[in-house]
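Single-structure report; data block below.
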Amino acid sequence: MADGWQVDHKLHPHHGQEYGDISFTIQMLGMDDAVFVGIAKSYEKKPIKPTDKKAYEMLQQFVYKCKDNTVNVLGIVVVGYLE
């Protein structure tokens, strides 16, 4: 790619047209290959409340990824608002 940028992201689709998770390496805290994982969810018109099924699913994925020693940074990727 131009200017020495290298794209190494990987999409991890869930199923059908649903968005999937994404992962790529970043430079962070002296590490050249820290692994970032973004937990992605599809668009919601209304804010996602803590009691919603989608919020529960994100929390489950977050806890699961916290146990994965290959992941250095976790993020939530959602087109919408989290309450």
Side-chain angles (χ1 to χ4, degrees):
M1 297 198 84
D3 300 323
W5 286 91
Q6 181 179 359
V7 177
D8 68 342
H9 68 277
K10 295 177 186 162
L11 294 173
H12 307 279
H14 295 150
H15 55 79
Q17 295 296 319
E18 183 181 8
Y19 289 103
D21 298 336
I22 186 168
S23 64
F24 51 87
T25 57
I26 59 173
Q27 292 182 340
M28 180 190 90
L29 302 174
M31 298 169 29
D32 288 334
D33 58 353
V35 175
F36 171 89
V37 171
I39 298 169
K41 291 295 173 188
S42 54
Y43 175 72
E44 287 287 330
K45 290 182 181 180
K46 58 184 170 91
I48 299 171
K49 297 178 182 178
T51 55
D52 291 343
K53 180 181 176 187
K54 193 168 280 197
Y56 179 74
E57 291 170 354
M58 283 189 282
L59 181 60
Q60 280 185 310
Q61 286 180 277
F62 181 84
V63 170
Y64 174 76
K65 288 296 181 184
C66 283
K67 297 176 182 180
D68 184 343
N69 63 2
T70 65
V71 177
N72 304 106
V73 181
L74 281 172
I76 300 292
V77 181
V78 63
V79 180
Y81 296 97
L82 298 175
E83 187 175 284

Q: Output all residues satisfying ring-ring contact (aromatic ring centres under 6.0 Å, His included) with F36, sequence neighbours left out; order by chain, then residue number.
A: F24

Q) Is any side-chain heavy atom of V37 less than 4.5 Å from a side-chain heavy atom of V73? A) no

Q.
Side-chain heavy atoms under 4.5 Å apart, restricted to Ile/Leu/Val/Met/Phe/Trp/Tyr: what other residues fall into the cluster of V63, or is it alone?
A. L59

Q) Any side-chain heavy atom of V77 sitting closer than 4.5 Å to one from I39? A) no

Q: Looking only at non-hydrogen atoms, find the nearest pair between P50 and A55 and report the distance.
A: O-CB, 3.8 Å

(Q) Please enumerate all residues that pass side chain to side chain donor-acceptor pair (under 3.5 Å) together with K65, with sequence neighbours excluded. (A) none

**Q.** By side chain to side chain donor-acceptor pair (under 3.5 Å) - contacts of Y56 (at least two apart)
**A.** Q60

Q. Is there a path of hydrophobic side-chain contacts, each under 4.5 Å between heavy atoms of I, L, V, M, F, W or Y residues, that connects M58 with F62?
A. yes

Q. Taking only residues two or more places apart in sequence or in another chain, which ones pass side-chain contact (heavy atoms from CB on, under 4.5 Å) with Y81?
A. P47

Q: Just jot down the side chain to side chain donor-acceptor pair (under 3.5 Å) partners of N72, sequence neighbours excluded, or say none.
A: none

Q) So if you build clusters from Ile, Leu, Val, Met, Phe, Trp, Tyr with side-chain heavy-atom gaps below 4.5 Å, do I76 and L74 land together? A) yes

Q) Taking all non-hydrogen atoms of both residues, which atom of A34 and which atom of M28 are closest, and how far apart? A) CB-CB, 4.3 Å

Q. Is D68 reaching over with its side chain to a backbone N or O of T70, donor-acceptor style, under 3.5 angstrom?
A. yes

Q. Can you name the residues that form a side chain to side chain donor-acceptor pair (under 3.5 Å) with T51, not counting sequence neighbours?
A. none

